[in-house]
Novice: 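Here it is, the structure in full.
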Amino acid sequence: MQIVHSSHNFLLMIGLFDSGFGGLTVLREIRERLPDYTYAYLGDSARMPYGNKTQETLYRYARQAVDFLVRQGATLIIFACNTVSSEALRRIQQEYLPEKYPALKVLGVIRPTVEKALETSKTNIIGVAATRSTVLSGAYERELKKLDTTVQVYQQACPLLVPLIEEGWEKKPETRMILKKYLLRLKSCHIDTLVLGCTHYPILESEFHRKIGQRVRIVSSATATAEKLVDYLSRHPEVEKNLERKAQSKFFTSDDPARFTALGSRFLGEQIAPRQVELVNLEGV
(Lines give C-alpha, C1' and ligand atoms only; values in the text may rest on other atoms or scores of the structure.)
Protein backbone atom coordinates (compact mmCIF):
# COMPACT_ATOMS: atom_id res chain seq x y z
CA MET A 1 0.00 0.00 0.00
CA GLN A 2 1.41 3.37 -1.00
CA ILE A 3 0.83 6.04 1.61
CA VAL A 4 1.11 9.64 0.46
CA HIS A 5 1.84 12.21 3.15
CA SER A 6 2.88 15.21 1.12
CA SER A 7 3.33 16.06 -2.51
CA HIS A 8 4.39 19.16 -4.36
CA ASN A 9 4.16 17.77 -7.89
CA PHE A 10 1.96 20.67 -8.92
CA LEU A 11 0.82 23.90 -7.37
CA LEU A 12 -1.96 26.45 -7.57
CA MET A 13 -4.88 24.17 -8.21
CA ILE A 14 -8.49 23.60 -7.26
CA GLY A 15 -8.99 20.97 -4.56
CA LEU A 16 -12.23 19.06 -3.97
CA PHE A 17 -13.08 17.09 -0.84
CA ASP A 18 -15.88 14.60 -0.22
CA SER A 19 -16.51 11.70 2.12
CA GLY A 20 -16.36 9.36 -0.86
CA PHE A 21 -17.52 9.27 -4.45
CA GLY A 22 -20.45 11.67 -4.81
CA GLY A 23 -18.24 14.74 -5.11
CA LEU A 24 -16.92 13.33 -8.38
CA THR A 25 -20.23 14.43 -9.96
CA VAL A 26 -19.29 17.97 -8.87
CA LEU A 27 -15.83 17.61 -10.39
CA ARG A 28 -17.33 16.27 -13.61
CA GLU A 29 -19.60 19.32 -13.95
CA ILE A 30 -16.79 21.73 -13.06
CA ARG A 31 -14.39 20.22 -15.59
CA GLU A 32 -17.03 20.44 -18.32
CA ARG A 33 -17.11 24.20 -17.79
CA LEU A 34 -13.49 24.77 -16.71
CA PRO A 35 -11.45 22.06 -18.45
CA ASP A 36 -8.07 23.83 -18.45
CA TYR A 37 -7.37 23.97 -14.72
CA THR A 38 -5.50 21.56 -12.47
CA TYR A 39 -7.57 19.60 -9.92
CA ALA A 40 -6.98 17.35 -6.92
CA TYR A 41 -9.86 15.26 -5.56
CA LEU A 42 -9.80 13.70 -2.09
CA GLY A 43 -12.37 11.06 -1.15
CA ASP A 44 -12.25 10.07 2.54
CA SER A 45 -13.91 6.72 1.80
CA ALA A 46 -12.27 4.96 4.77
CA ARG A 47 -14.48 6.97 7.14
CA MET A 48 -17.69 7.24 5.14
CA PRO A 49 -20.60 7.59 5.61
CA TYR A 50 -20.28 11.01 7.20
CA GLY A 51 -24.00 11.31 7.97
CA ASN A 52 -23.77 9.62 11.38
CA LYS A 53 -20.76 11.61 12.62
CA THR A 54 -20.87 14.45 15.17
CA GLN A 55 -20.22 18.06 14.19
CA GLU A 56 -16.94 18.02 16.09
CA THR A 57 -15.77 14.91 14.22
CA LEU A 58 -16.75 16.39 10.86
CA TYR A 59 -14.87 19.60 11.71
CA ARG A 60 -11.78 17.51 12.48
CA TYR A 61 -12.10 15.57 9.21
CA ALA A 62 -12.57 18.83 7.30
CA ARG A 63 -9.41 20.31 8.87
CA GLN A 64 -7.43 17.20 7.91
CA ALA A 65 -8.75 17.40 4.33
CA VAL A 66 -7.88 21.09 4.06
CA ASP A 67 -4.36 20.42 5.39
CA PHE A 68 -3.85 17.61 2.89
CA LEU A 69 -5.13 19.53 -0.13
CA VAL A 70 -3.07 22.59 0.78
CA ARG A 71 -0.02 20.32 0.80
CA GLN A 72 -0.93 19.31 -2.74
CA GLY A 73 -0.94 22.98 -3.71
CA ALA A 74 -4.64 23.93 -3.46
CA THR A 75 -5.36 27.65 -3.35
CA LEU A 76 -9.12 27.12 -3.68
CA ILE A 77 -10.99 24.20 -2.06
CA ILE A 78 -14.55 23.05 -2.60
CA PHE A 79 -16.30 20.90 -0.01
CA ALA A 80 -18.10 18.77 -2.61
CA CYS A 81 -20.21 17.14 0.09
CA ASN A 82 -23.54 18.32 1.46
CA THR A 83 -22.88 16.94 4.96
CA VAL A 84 -19.52 18.70 5.36
CA SER A 85 -20.91 21.87 3.76
CA SER A 86 -23.79 21.96 6.24
CA GLU A 87 -21.91 20.88 9.38
CA ALA A 88 -18.32 22.15 9.08
CA LEU A 89 -17.89 24.77 6.33
CA ARG A 90 -18.80 27.87 8.31
CA ARG A 91 -16.51 26.94 11.19
CA ILE A 92 -13.65 26.20 8.79
CA GLN A 93 -14.15 29.61 7.16
CA GLN A 94 -14.51 31.53 10.42
CA GLU A 95 -12.07 29.75 12.76
CA TYR A 96 -9.55 27.59 10.91
CA LEU A 97 -8.66 29.59 7.81
CA PRO A 98 -8.00 32.98 9.48
CA GLU A 99 -5.61 31.30 11.91
CA LYS A 100 -3.82 28.87 9.58
CA TYR A 101 -4.47 29.72 5.90
CA PRO A 102 -5.65 33.35 5.63
CA ALA A 103 -5.22 33.42 1.83
CA LEU A 104 -7.09 30.15 1.20
CA LYS A 105 -10.66 30.13 -0.17
CA VAL A 106 -12.97 27.27 0.85
CA LEU A 107 -16.44 27.01 -0.71
CA GLY A 108 -19.32 24.57 -0.24
CA VAL A 109 -22.17 23.12 -2.30
CA ILE A 110 -25.22 24.30 -0.35
CA ARG A 111 -25.12 28.07 -0.90
CA PRO A 112 -24.71 27.86 -4.71
CA THR A 113 -27.48 25.24 -4.90
CA VAL A 114 -29.84 27.39 -2.83
CA GLU A 115 -29.13 30.45 -5.01
CA LYS A 116 -29.79 28.43 -8.18
CA ALA A 117 -33.02 26.99 -6.75
CA LEU A 118 -34.38 30.45 -5.94
CA GLU A 119 -33.42 31.69 -9.42
CA THR A 120 -35.20 28.68 -10.96
CA SER A 121 -38.43 28.62 -8.95
CA LYS A 122 -41.42 30.66 -10.15
CA THR A 123 -43.80 29.81 -7.28
CA ASN A 124 -41.28 29.80 -4.39
CA ILE A 125 -42.39 26.28 -3.47
CA ILE A 126 -39.20 24.21 -3.39
CA GLY A 127 -38.61 20.57 -2.55
CA VAL A 128 -35.34 19.11 -1.27
CA ALA A 129 -34.39 15.45 -1.69
CA ALA A 130 -31.32 14.60 0.37
CA THR A 131 -29.78 12.16 2.81
CA ARG A 132 -31.30 11.88 6.26
CA SER A 133 -28.41 13.78 7.89
CA THR A 134 -28.68 16.70 5.45
CA VAL A 135 -32.45 16.91 5.97
CA LEU A 136 -32.08 16.73 9.77
CA SER A 137 -29.41 19.46 9.70
CA GLY A 138 -32.01 21.83 8.20
CA ALA A 139 -29.22 23.45 6.18
CA TYR A 140 -31.15 23.81 2.92
CA GLU A 141 -34.28 25.22 4.53
CA ARG A 142 -32.20 27.59 6.67
CA GLU A 143 -30.17 28.90 3.70
CA LEU A 144 -33.23 29.21 1.44
CA LYS A 145 -35.14 31.22 4.07
CA LYS A 146 -32.08 33.36 4.75
CA LEU A 147 -32.20 34.53 1.13
CA ASP A 148 -36.00 34.63 0.79
CA THR A 149 -38.27 34.54 3.82
CA THR A 150 -41.35 33.84 1.69
CA VAL A 151 -40.09 30.53 0.28
CA GLN A 152 -41.92 27.31 1.20
CA VAL A 153 -39.55 24.37 1.65
CA TYR A 154 -40.55 20.70 1.73
CA GLN A 155 -37.83 18.16 2.47
CA GLN A 156 -37.64 14.42 1.89
CA ALA A 157 -34.96 12.13 3.27
CA CYS A 158 -33.99 9.38 0.82
CA PRO A 159 -31.71 7.13 2.89
CA LEU A 160 -31.70 4.15 0.53
CA LEU A 161 -30.57 5.96 -2.61
CA VAL A 162 -26.85 6.31 -1.83
CA PRO A 163 -26.28 2.58 -1.10
CA LEU A 164 -28.36 1.62 -4.16
CA ILE A 165 -26.31 3.95 -6.39
CA GLU A 166 -23.05 2.64 -4.94
CA GLU A 167 -24.22 -0.92 -5.66
CA GLY A 168 -24.75 0.06 -9.29
CA TRP A 169 -28.53 -0.43 -8.98
CA GLU A 170 -29.56 2.92 -10.49
CA LYS A 171 -31.30 1.23 -13.44
CA LYS A 172 -33.02 -1.51 -11.43
CA PRO A 173 -36.82 -1.50 -11.04
CA GLU A 174 -36.46 -1.70 -7.24
CA THR A 175 -34.60 1.62 -7.22
CA ARG A 176 -37.23 3.26 -9.43
CA MET A 177 -39.97 2.00 -7.12
CA ILE A 178 -38.22 3.33 -3.99
CA LEU A 179 -37.56 6.70 -5.65
CA LYS A 180 -41.21 6.97 -6.71
CA LYS A 181 -42.28 6.34 -3.11
CA TYR A 182 -39.87 8.97 -1.76
CA LEU A 183 -41.17 11.59 -4.19
CA LEU A 184 -44.90 11.02 -3.57
CA ARG A 185 -45.12 13.53 -0.71
CA LEU A 186 -43.10 16.16 -2.56
CA LYS A 187 -45.39 15.81 -5.59
CA SER A 188 -48.42 16.36 -3.35
CA CYS A 189 -46.87 19.62 -2.05
CA HIS A 190 -47.05 21.17 -5.56
CA ILE A 191 -43.37 22.09 -5.68
CA ASP A 192 -42.14 23.64 -8.94
CA THR A 193 -38.42 23.10 -8.21
CA LEU A 194 -36.68 20.08 -6.74
CA VAL A 195 -33.19 20.34 -5.24
CA LEU A 196 -31.05 17.21 -5.45
CA GLY A 197 -29.28 17.84 -2.15
CA CYS A 198 -26.82 14.95 -2.38
CA THR A 199 -23.92 14.72 -4.80
CA HIS A 200 -24.72 11.05 -5.53
CA TYR A 201 -28.13 11.95 -6.95
CA PRO A 202 -27.05 13.27 -10.39
CA ILE A 203 -26.46 9.58 -11.23
CA LEU A 204 -30.26 9.21 -10.94
CA GLU A 205 -31.22 12.60 -12.39
CA SER A 206 -33.12 11.21 -15.38
CA GLU A 207 -35.15 8.99 -13.02
CA PHE A 208 -35.89 11.97 -10.77
CA HIS A 209 -37.19 13.80 -13.86
CA ARG A 210 -39.42 10.88 -14.79
CA LYS A 211 -40.83 10.37 -11.30
CA ILE A 212 -41.35 14.00 -10.24
CA GLY A 213 -42.89 15.04 -13.59
CA GLN A 214 -41.98 17.44 -16.37
CA ARG A 215 -43.59 20.44 -14.64
CA VAL A 216 -40.93 20.41 -11.90
CA ARG A 217 -37.49 21.87 -12.61
CA ILE A 218 -34.56 20.01 -11.08
CA VAL A 219 -31.56 21.74 -9.52
CA SER A 220 -28.56 19.48 -8.94
CA SER A 221 -26.01 20.54 -6.34
CA ALA A 222 -23.26 19.36 -8.74
CA THR A 223 -24.43 21.52 -11.64
CA ALA A 224 -25.24 24.54 -9.45
CA THR A 225 -21.83 24.42 -7.74
CA ALA A 226 -20.03 24.25 -11.10
CA GLU A 227 -22.02 27.18 -12.53
CA LYS A 228 -21.43 29.30 -9.44
CA LEU A 229 -17.71 28.48 -9.46
CA VAL A 230 -17.43 29.85 -13.00
CA ASP A 231 -19.17 32.99 -11.77
CA TYR A 232 -17.00 33.16 -8.64
CA LEU A 233 -13.76 33.00 -10.65
CA SER A 234 -14.98 35.69 -13.05
CA ARG A 235 -15.67 37.95 -10.05
CA HIS A 236 -12.38 37.12 -8.27
CA PRO A 237 -9.57 37.56 -10.81
CA GLU A 238 -7.09 37.66 -7.93
CA VAL A 239 -7.94 33.98 -7.25
CA GLU A 240 -8.33 32.95 -10.90
CA LYS A 241 -5.00 34.33 -12.10
CA ASN A 242 -3.12 32.11 -9.61
CA LEU A 243 -4.65 28.86 -10.87
CA GLU A 244 -2.46 26.60 -12.93
CA ARG A 245 -3.73 25.41 -16.32
CA LYS A 246 -2.42 21.92 -16.93
CA ALA A 247 -5.82 20.34 -17.70
CA GLN A 248 -5.07 17.46 -15.35
CA SER A 249 -6.66 15.85 -12.31
CA LYS A 250 -5.21 13.79 -9.48
CA PHE A 251 -7.24 11.54 -7.22
CA PHE A 252 -6.65 10.49 -3.63
CA THR A 253 -8.59 8.09 -1.39
CA SER A 254 -8.16 7.15 2.26
CA ASP A 255 -9.37 3.60 1.58
CA ASP A 256 -9.00 0.81 -1.00
CA PRO A 257 -7.88 2.34 -4.33
CA ALA A 258 -9.36 -0.58 -6.31
CA ARG A 259 -12.88 0.07 -4.97
CA PHE A 260 -12.44 3.79 -5.48
CA THR A 261 -11.36 3.18 -9.08
CA ALA A 262 -14.36 0.97 -9.82
CA LEU A 263 -16.99 3.26 -8.28
CA GLY A 264 -15.30 6.57 -8.93
CA SER A 265 -14.92 5.88 -12.64
CA ARG A 266 -18.73 5.48 -12.86
CA PHE A 267 -19.33 8.78 -11.09
CA LEU A 268 -16.79 10.74 -13.14
CA GLY A 269 -17.52 9.02 -16.45
CA GLU A 270 -13.88 8.13 -17.09
CA GLN A 271 -11.25 5.77 -15.73
CA ILE A 272 -9.35 7.10 -12.71
CA ALA A 273 -6.30 5.86 -10.81
CA PRO A 274 -6.35 7.17 -7.22
CA ARG A 275 -3.46 7.06 -4.75
CA GLN A 276 -4.08 5.97 -1.17
CA VAL A 277 -3.40 8.60 1.50
CA GLU A 278 -3.17 8.75 5.27
CA LEU A 279 -5.14 11.69 6.67
CA VAL A 280 -5.19 11.04 10.42
CA ASN A 281 -1.48 11.60 11.03
CA LEU A 282 -1.47 14.96 9.27
CA GLU A 283 -3.21 16.74 12.15
CA GLY A 284 -0.93 19.37 13.60
CA VAL A 285 1.91 18.73 11.14
Side-chain angles (χ1 to χ4, degrees), residues 4 13-32 39-53 55 57-70 72 74 76-89 92-93 105-113 130-134 137 139-140 161-163 165-166 196-204 220-226 228-229 249-257 259-270 272-280 282:
V4 181
M13 51 157 208
I14 298 172
L16 291 94
F17 164 54
D18 183 30
S19 59
F21 312 98
L24 290 165
T25 62
V26 180
L27 177 58
R28 187 179 70 206
E29 295 289 341
I30 289 173
R31 290 198 321 184
E32 274 184 21
Y39 299 94
Y41 181 92
L42 171 63
D44 187 17
S45 26
R47 301 187 291 198
M48 63 183 281
Y50 273 17
N52 55 5
K53 306 288 194 288
Q55 275 192 333
T57 297
L58 291 169
Y59 179 54
R60 187 172 77 250
Y61 290 178
R63 291 199 312 267
Q64 291 168 353
V66 167
D67 288 347
F68 177 80
L69 288 168
V70 166
Q72 304 311 307
L76 171 64
I77 294 173
I78 296 163
F79 285 173
C81 171
N82 282 274
T83 303
V84 176
S85 294
S86 64
E87 302 292 345
L89 175 64
I92 287 287
Q93 290 170 332
K105 305 293 181 193
V106 179
L107 310 173
V109 293
I110 291 178
R111 183 63 179 239
T113 308
T131 62
R132 184 173 280 131
S133 64
T134 299
S137 78
Y140 272 100
L161 294 187
V162 167
I165 290 166
E166 292 197 353
L196 302 189
C198 171
T199 53
H200 278 65
Y201 295 176
I203 301 285
L204 278 173
S220 152
S221 56
T223 306
T225 301
K228 296 293 182 180
L229 179 61
S249 303
K250 294 199 174 185
F251 301 92
F252 303 93
T253 174
S254 57
D255 202 15
D256 177 16
R259 174 171 158 76
F260 198 90
T261 297
L263 264 174
S265 299
R266 276 179 43 225
F267 279 78
L268 193 63
E270 67 179 61
I272 61 174
R275 296 165 72 190
Q276 189 163 5
V277 303
E278 176 67 68
L279 294 176
V280 180
L282 283 174

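Predicted model, so just to flag it, every value in this text is computed and none were measured.
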Novice: Answer yes if the side chains of Q55 and R60 hold a donor-acceptor pair under 3.5 Å, and no otherwise.
Specialist: no
Novice: What's the spacing between L69 CG and I77 CD1 if we round to 0.5 Å?
Specialist: 5.0 Å
Novice: Within the distance-only criterion (no hydrogens, no angle test), does the side chain of T25 pair as donor or acceptor with the backbone N or O of G22 below 3.5 angstrom?
Specialist: yes
Novice: Under the side-chain hydrogen bond (donor to acceptor under 3.5 Å, both in side chains) rule, what do D44 and S19 come out as? Steps first, then yes or no, please.
Specialist: CA-CA 5 Å; D44 187 17; S19 59; over 6 Å; no
Novice: Mark yes or no for whether Q93, through its side chain, and V106, through its backbone, hold a donor-acceptor pair below 3.5 Å.
Specialist: yes
Novice: In the structure I gave you, are the side-chain heavy atoms of Y61 and V84 within less than 4.5 Å of one another anywhere?
Specialist: no
Novice: Apply side-chain hydrogen bond (donor to acceptor under 3.5 Å, both in side chains) to T57 and list each qualifying residue two or more places apart in sequence or on a separate chain.
Specialist: T54
Novice: Looking at every non-hydrogen atom in both residues, tell me the closest pair between A40 and F252 and how far apart they are.
Specialist: CB-CE1, 4.1 Å
Novice: Identify the two heavy atoms, one from A139 and one from S86, that lie closest to each other, and give their separation to 0.1 Å.
Specialist: CB-CB, 3.3 Å
Novice: Just by distance, no angles: are the side chains of S45 and T253 close enough, under 3.5 Å, to form a donor-acceptor pair?
Specialist: yes
Novice: What verdict does the side-chain contact (heavy atoms from CB on, under 4.5 Å) test give for I30 and I78, after you've listed the backbone C-alpha separation in whole Å, the side-chain angles of each residue and the deciding distance to 0.1 Å?
Specialist: CA-CA 11 Å; I30 289 173; I78 296 163; 3.7 Å; yes
Novice: Are the side chains of E87 and S137 in touch, meaning some heavy atoms are under 4.5 Å apart?
Specialist: yes
Novice: Go through the steps for R31 and S249 under the test side-chain contact (heavy atoms from CB on, under 4.5 Å), then give the verdict.
Specialist: CA-CA 9 Å; R31 290 198 321 184; S249 303; 2.8 Å; yes
Novice: Could you tell me which residues satisfy ring pair (Phe, Tyr, Trp, His ring centres under 6.0 Å) with F21, sequence neighbours excluded, listed by chain and number?
Specialist: F260
Novice: For T225 and T199, what are the C-alpha separation, side-chain angles and deciding distance, and is it a side-chain contact (heavy atoms from CB on, under 4.5 Å)?
Specialist: CA-CA 10 Å; T225 301; T199 53; over 6 Å; no
Novice: To the nearest 0.5 Å, what is the distance between CZ (F267) and CD1 (I272)?
Specialist: 10.5 Å
Novice: To the nearest 0.5 Å, tell me how far L24 CG sits from I203 CD1.
Specialist: 9.0 Å
Novice: Does the side chain of D18 pick up a donor-acceptor pair with the side chain of Y50 at under 3.5 Å?
Specialist: no
Novice: Within a strict 4.5 Å, meaning less than it, do heavy atoms of the R63 and I92 side chains meet?
Specialist: yes
Novice: Any side-chain to backbone donor/acceptor pair from S85 onto F79? Under 3.5 Å, distance only.
Specialist: yes
Novice: Is there side-chain contact between V109 and C81, with at least one heavy-atom pair below 4.5 Å?
Specialist: no
Novice: Could you check if a side-chain atom of F68 sits within less than 4.5 angstrom of a side-chain atom of S254, using non-hydrogen atoms only?
Specialist: no
Novice: I need the E29 CD to S221 OG distance, nearest 0.5 Å.
Specialist: 10.0 Å
Novice: Is there a side-chain contact between N82 and I110 in this structure, where contact means two heavy atoms from C-beta onward sitting under 4.5 Å apart?
Specialist: yes
Novice: Any side-chain donor paired with an acceptor under 3.5 Å for T131 and T134?
Specialist: yes
Novice: Classify the angle between the aromatic ring planes of Y41 and F251 as parallel (below 30°), tilted (30 to 60°) or perpendicular (above 60°).
Specialist: tilted
Novice: Nearest 0.5 angstrom please: S133 OG to L58 CG, how far?
Specialist: 8.5 Å
Novice: At their closest point, which heavy atom of R47 faces which heavy atom of L279, and how far apart are they?
Specialist: NH2-CD1, 3.8 Å
Novice: Any chance you could measure T83, atom OG1, to M48, atom CE, to the nearest 0.5 Å?
Specialist: 10.5 Å
Novice: Mind checking whether L196 and T223 have side chains closer than 4.5 Å, heavy atoms only?
Specialist: no
Novice: State plainly whether the residues R266 and E166 are in salt-bridge range, i.e. N to O under 4.0 Å.
Specialist: no
Novice: Is there a side-chain contact between K250 and Q72, using heavy atoms and a 4.5 Å cut-off?
Specialist: no
